[in-house]
Amino acid sequence: MDAQKVDMFLMMNSKFFEAHHLHGVREKLLTLDESRWGMVQTLQFKDPTTALIISIVGGGSLGIDRFFIGDTGLGIGKLLTCGGLGIWTIIDWFLIMGATREKNMELFQNTLY
């Protein structure tokens with residue numbers, strides 16, 4: 001894969017991944033076959049900032065933030081417990097962005113490996 005394409009992809013999508021994952025993403029994209037580049041460009045990553053806003057605005061106590069990133073089980077748990085009586089909701093304000101980035105990395109790995 002062309003290094004310029006890979007660098008452009010990372011510039012456009014670096015906010016969707018943890019900083020320590022970026023090197024691995026770059027290495028995987030550099031070794032990727034050119035025919036799979038179209039598949040990489042069509043990946044839809046979840047925005048960590050959007051997940052945080054959903055969590056803060058009120059969707060966190062109903063589990064909507066977890067449903068948004070694809071954690072259905074945790075979303076149901078938060079929904080049934082009203083966000084762990086508010087405690088889980090507050091904790092998720094600090095964890096939801098990292099969880100979103102981890103889910104994006106899982107999507108990237110499952111698609112390319």
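When all heavy atoms of Ser35 and Asp33 are compared, the closest pair comes out as OG-OD2, 2.6 Å. Summarising the geometry of Leu74 relative to Arg66, their closest heavy-atom pair is CD1-NH1, 3.7 Å, with the distance given to 0.1 Å. Contact record, Asp2 with Glu34: N-OE1, 4.2 Å, taken as the closest heavy-atom pair.
Taking CE of Met97 as the reference point, atom CG of Asp92 lies at 12.5 Å (rounded to 0.5 Å). How far NZ of Lys46 is from CG of Asn104: 8.5 Å, rounded to the nearest 0.5 Å. One finds the CD1 atom of Ile69 at 9.0 Å from the CD atom of Glu106 (value rounded to the nearest 0.5 Å).
Following chains of ILVMFWY side-chain contacts shorter than 4.5 Å, one can reach Leu22 starting from Leu30, so the two form part of one hydrophobic cluster.
Residue Ile91 belongs to a hydrophobic cluster whose other members are Ile87, Leu95, with links defined by side-chain heavy atoms closer than 4.5 Å.
Under the side-chain contact (heavy atoms from CB on, under 4.5 Å) criterion, Thr111 pairs with Met39, Leu43, Leu107, not counting sequence neighbours. Every residue two or more places apart in sequence or in another chain that forms a side-chain contact (heavy atoms from CB on, under 4.5 Å) with Lys15 is listed here: Asp47.
Counting heavy atoms from C-beta on, the side chains of Pro48 and Ile96 never come closer than 4.5 Å. Between Leu29 and Phe108 there is a side-chain heavy-atom pair separated by less than 4.5 Å. The shortest distance between side-chain heavy atoms of Val25 and Met105 falls below 4.5 Å.
Among residue pairs with one or both ends in residues 16-31, those qualifying as side chain to side chain donor-acceptor pair (under 3.5 Å) are Asp7-Arg26; sequence neighbours excluded. Residue pairs that meet the ring-ring contact (aromatic ring centres under 6.0 Å, His included) test with at least one member in residues 43-89, sequence neighbours left out, are Phe16-Phe45, Phe17-Phe45.
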Donor-acceptor pairs under 3.5 Å, side chain of residues 49-64 to any protein atom, not counting sequence neighbours: which ones?
| residue | atom | partner | partner atom | Å |
| --- | --- | --- | --- | --- |
| Ser55 | OG | Asp65 | OD2 | 3.0 |
| Ser61 | OG | Gly58 | O | 3.2 |

